[in-house]
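Data block below; observations after.
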2 protein chains.
Amino acid sequence: MQRKSLVNAECPVARGVERVGEWWSILIMRDALQGLRRFDEFSQSLGIAPNMLTRRLNSLVEAGLLERRQYSERPPRFEYVPTPVGEDFRVVIMAFIGWGNRHFANEGESLQLVDRKTRRPVEVAVVDADGARVSVEQCSVQAGPAASEGMLERLALLSAKRSDIDPSPRTA
Amino acid sequence: MQRKSLVNAECPVARGVERVGEWWSILIMRDALQGLRRFDEFSQSLGIAPNMLTRRLNSLVEAGLLERRQYSERPPRFEYVPTPVGEDFRVVIMAFIGWGNRHFANEGESLQLVDRKTRRPVEVAVVDADGARVSVEQCSVQAGPAASEGMLERLALLSAKRSDIDPSPRTA
DNA sequence: CAGTATCCTGTCCGATACTG
DNA sequence: CAGTATCGGACAGGATACTG
């Protein structure tokens with residue numbers, strides 16, 4: 001995804017994106033989740049061409065992550081606000097930020113995740129039902145109750161390579 | 001990202017990807033982190049065109065997520081294995097899976113995240129330094145010690161829109 | 001200010017064919 | 001088996017101009 005410079009490359013999210021894929025969409029979501037709403041705000045923040053912004057915005061609306069909401073009758077004006085699904089995407093963004101911070105923060109973290117009240121740093125982690133922390137390497141996947149035939153087949157193949165993957169269980 | 005069908009669309013990761021961006025890379029990482037190593041394995045699992053696979057694989061190697069390792073002299077054969085950075089990307093993938101499961105699992109989860117030993121379900125969450133869980137909405141960002149001028153400026157702008165964003169702190 | 005309309009380039013991606 | 005070579009289509013993305 002050789003984007004030319006990728007806006008704001010010091011941002012850990014952008015750093016991650018530079019390495020993994022394309023994603024104007026993710027950057028837009030990052031901004032939307034930080035409180036940006038209006039076309040112009042995105043436009044300024046991202047330096048994206050207006051036609052692309054329109055396209056990406058529309059696709060995010062279509063995807064159900066953003067809602068296009070009219071905030072002025074005349075002239076007709078719209079703002080783009082995260083839906084619950086989009087809001088929940090924050091975890092992914094945060095995981096991204098964490099990852100970027102851990103591996104591409106050359107001279108220290110440029111952006112920190114914090115509890116907004118206590119101002120203490122937080123991080124994204126894996127926990128079990130009791131809230132106990134589980135190390136990432138400790139994790140695996142298994143078929144859920146709605147696993148299709150294809151999924152089961154796939155997991156069966158994987159279990160041949162990774163002994164810790166159990167292809168069978170579909171119970172909740 | 002209208003990919004034609006997006007391989008294995010029942011997979012929550014793929015579901016997420018369908019909505020957010022492009023990302024053969026992410027799908028490749030998903031597979032690599034599930035134990036796939038060889039060109040042919042990726043090729044079969046993803047149904048990706050071989051030239052694209054080569055490109056994506058190379059770019060992931062370049063990005064430092066995968067290591068190209070020779071496992072046979074004659075004939076020369078290579079395998080692609082996650083580096084520590086790539087390994088750590090697992091959290092992001094998991095966050096994705098969780099998100100997909102929560103919002104795009106129409107008839108129940110098709111893939112579950114579990115502790116590989118206990119087989120009990122796990123999830124990706126935000127925790128503070130004490131390991132206490134923090135709700136996602138409770139989170140915000142602030143400038144870290146390595147924040148550049150541009151980043152500080154950006155955060156200053158954001159703090160005008162989101163009262164919970166504090167533009168100033170750069171201390172660890 | 002909040003976009004739409006055009007045009008252009010790059011490249012993502014698929015399909016297919018070929019090689020040691 | 002593990003790719004490389006080549007071709008073509010679609011669209012991402014950039015630049016710019018225009019509109020109410």
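Protein chains get the first letters and strands the later ones, always in sequence-line order, with residue 1 at the start of each.
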- Atom pair distance, as rounded to whole Å: CZ in A:Arg37 and C1' in C:dC1: 18 Å
- Message: I want to check something: taking the side chain as every heavy atom from C-beta on, are A:Val91 and B:Arg102 in contact at a cut-off of under 4.5 Å?
- Response: yes
- Query: Rounded to the nearest Å, what distance is computed from the CG atom of residue A:Leu57 to the C1' atom of nucleotide D:dA12?
  - Reply: 16 Å
- Which nucleotide, C:dG3, D:dG13, C:dC12, lies nearest any side-chain atom of A:Thr54? C:dG3
- Using the salt bridge (Lys or Arg N to Asp or Glu O under 4.0 Å) rule, take B:Asp31 and A:Lys161 through it: C-alpha gap first, then chi angles, then the decisive distance, then the call. CA-CA 11 Å; B:Asp31 281 4; A:Lys161 309 191 180 300; over 6 Å; no
- Item | Side chain B:Asn51 and base C:dG14 donor-acceptor under 3.5 Å | yes
- Comparing B:Asn58 and B:Gln44 on DNA chain D - which has the more 5′ nearest nucleotide: B:Gln44
- Message: Strictly below 4.0 Å: does A:Trp24 bring a side-chain N or O up to OP1 or OP2 of D:dC11?
- Response: no
- Task: Give a yes or no on this: more than 12 heavy atoms of other residues, nucleotides or ligands lie within 6.0 Å of atom CD of B:Glu73.
- Result: no
- Task: Mind calculating the distance between CD1 (B:Ile48) and C1' (C:dT11) to the nearest angstrom?
- Result: 14 Å
- If you check every side-chain atom of A:Arg77, which of C:dC1, D:dG14, C:dA17 has the closest atom? C:dC1
- Choosing from D:dA2, C:dA2, D:dT16, which nucleotide comes nearest the side chain of A:Arg38? C:dA2
- Query: For the side chain of B:Arg55, counting heavy atoms from C-beta on, which of C:dT11, D:dC1, C:dG3 is nearest?
  - Reply: C:dT11
- Message: For B:Glu41 and A:Pro50, find the nucleotide of DNA chain D closest to each by heavy atoms; which residue's nucleotide sits nearer the 5' end?
- Response: B:Glu41
- Rounded to the nearest Å, what distance is computed from the CG atom of residue A:Leu36 to the C1' atom of nucleotide C:dA2? 15 Å
- Task: Give the rounded distance in Å between these two atoms: CG of B:Asp40 and C1' of D:dG3.
- Result: 10 Å
- Message: Between A:Phe39 and A:Pro50, is there a side-chain heavy-atom distance shorter than 4.5 Å?
- Response: yes
- Note on the structure: Taking C:dG3, D:dG13, D:dG3 as options, the one with an atom nearest any side-chain atom of A:Tyr80 is C:dG3
- Under 4.0 Å between any heavy atoms, over every strand shown, what does A:Arg68 touch: base, sugar-phosphate, or nothing? Just pick one. sugar-phosphate
- Could you tell me whether the side chain of B:Asp128 and the main chain of B:Asp130 form a donor-acceptor pair under 3.5 Å? yes
- Query: Whole-Å distance between D:dC1 P and B:Gln70 CD?
  - Reply: 18 Å
- Separation of atom CG in A:Leu53 from atom C1' in C:dA5, rounded to whole Å: 16 Å
- Task: Using whole Å, report how far CZ of A:Phe42 lies from P of D:dG13.
- Result: 16 Å
- Task: Name the closest nucleotide to the A:Phe39 side chain, picking from D:dC1, C:dG3, C:dC12.
- Result: C:dG3
- Message: Given D:dG13, C:dG14, D:dG3, identify the nucleotide with an atom nearest to the side chain of B:Met52.
- Response: C:dG14
